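Working notes, structure below.
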Amino acid sequence: MTSLSVPVALETAVSDYLPWLRDLDGHFTRHPELSMAAHATADRIEQELTALGLEPQRSGGTSVVAVVSNPRLAGAGPTGAAAAAAAPDSTEEAPTVLASADIDALPFQEGTGLEYASETPGVMHACGHDAHAGCTRPAGSRRRRTSR
């Protein structure tokens, strides 16, 4: 069997987020909301993105959108600075990255008895969308840090 080698920088970056990610995942798991009714979940995502210095906006009631500036065009961060130094008048665009997450739960009664089990009667995250919601913030944070 082949073993995978994880670069130390990646392992460090991921491990930095684990305690926060566990807490946020637990919050979303304990407080699930059905499709198009995930207002508190969207509120929390907005709070997390705002804490990163982003400017999230609502769309369609429960969709949250935040744009992270293109570092090459902004001339910020190591990628942007290097690109700007190499071609200061360039209008070449850097790649665009989209992070999307489903945040809705399912209409099932949870009976796991786990410490982070749903506290909402008849609704639970049995599909992994709680983890989806939690992962968008580290993605935005990592992108935001590398674009400065």
Side-chain angles (χ1 to χ4, degrees), residues 1-83 92-148:
M1 176 174 278
T2 305
S3 84
L4 295 175
S5 174
V6 177
V8 173
L10 177 61
E11 187 173 345
T12 301
V14 170
S15 67
D16 288 348
Y17 289 107
L18 286 179
W20 169 87
L21 189 55
R22 284 186 186 112
D23 288 343
L24 189 60
D25 181 60
H27 170 80
F28 288 140
T29 304
R30 285 189 309 277
H31 306 285
E33 297 175 289
L34 295 174
S35 182
M36 300 309 293
H39 299 285
T41 301
D43 289 345
R44 179 67 185 266
I45 292 169
E46 270 188 300
Q47 291 169 6
E48 296 292 335
L49 294 174
T50 299
L52 292 173
L54 299 175
E55 298 176 6
Q57 298 178 2
R58 284 287 178 95
S59 172
T62 58
S63 294
V64 180
V65 177
V67 175
V68 178
S69 298
N70 183 319
R72 189 171 297 162
L73 293 177
T79 302
E92 178 186 354
E93 292 188 26
T96 299
V97 177
L98 170 68
S100 177
D102 294 318
I103 60 173
D104 59 320
L106 297 171
F108 300 129
Q109 181 63 43
E110 183 164 0
T112 64
L114 296 170
E115 66 182 67
Y116 51 84
S118 173
E119 296 174 9
T120 306
V123 182
M124 73 176 288
H125 274 293
C127 52
H129 288 178
D130 47 341
H132 286 188
C135 288
T136 57
R137 189 198 191 264
S141 175
R142 185 75 181 145
R143 180 71 177 136
R144 182 79 174 165
R145 284 192 303 169
T146 59
S147 67
R148 286 188 177 170

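A quick note: this is a predicted structure, and the numbers were derived from the prediction, not measured.
With sequence neighbours excluded, no residue forms a salt bridge (charged side-chain N to carboxylate O under 4.0 Å, His left out) with E55. Looking at residues two or more places apart in sequence or on another chain, you find a side chain to side chain donor-acceptor pair (under 3.5 Å) between R58 and D43, E46. Residues satisfying the side-chain contact (heavy atoms from CB on, under 4.5 Å) test with T120, not counting sequence neighbours, are P32, S118, V123. Applying the side-chain contact (heavy atoms from CB on, under 4.5 Å) test to Q57 and every residue at least two apart in sequence or in another chain returns nothing.
When every heavy atom of C127 is checked against every heavy atom of D104, the shortest pair comes out as SG-O, 3.9 Å. H125 approaches F28 most closely through the heavy-atom pair CD2-O, 3.2 Å. Nearest heavy atoms, T112 versus A117: OG1-CB, 3.7 Å. In terms of heavy atoms, I103 sits closest to A38 at CD1-CB, 3.9 Å.
Sequence neighbours left out, not one pair with a member in residues 42-62 passes ring pair (Phe, Tyr, Trp, His ring centres under 6.0 Å). Listed by first and then second residue, the ring pair (Phe, Tyr, Trp, His ring centres under 6.0 Å) pairs involving residues 39-63 amount to none (not counting sequence neighbours).
Contact check for Q109 versus M124: no side-chain heavy atoms found under the 4.5 Å cut-off. Residues P107 and L34 are in side-chain contact: their nearest non-hydrogen atoms beyond the backbone lie under 4.5 Å apart.
Atom CZ in R22 sits 10.0 Å away from atom CG in D25 (nearest 0.5 Å). Rounding to the nearest 0.5 Å gives a distance of 9.0 Å between CD1 of I45 and OG1 of T62. To the nearest 0.5 Å, atom OG1 of residue T29 and atom CG of residue L24 are 9.0 Å apart. The distance from the NE2 atom of H27 to the CD atom of E48 is 9.0 Å, given to the nearest 0.5 Å.
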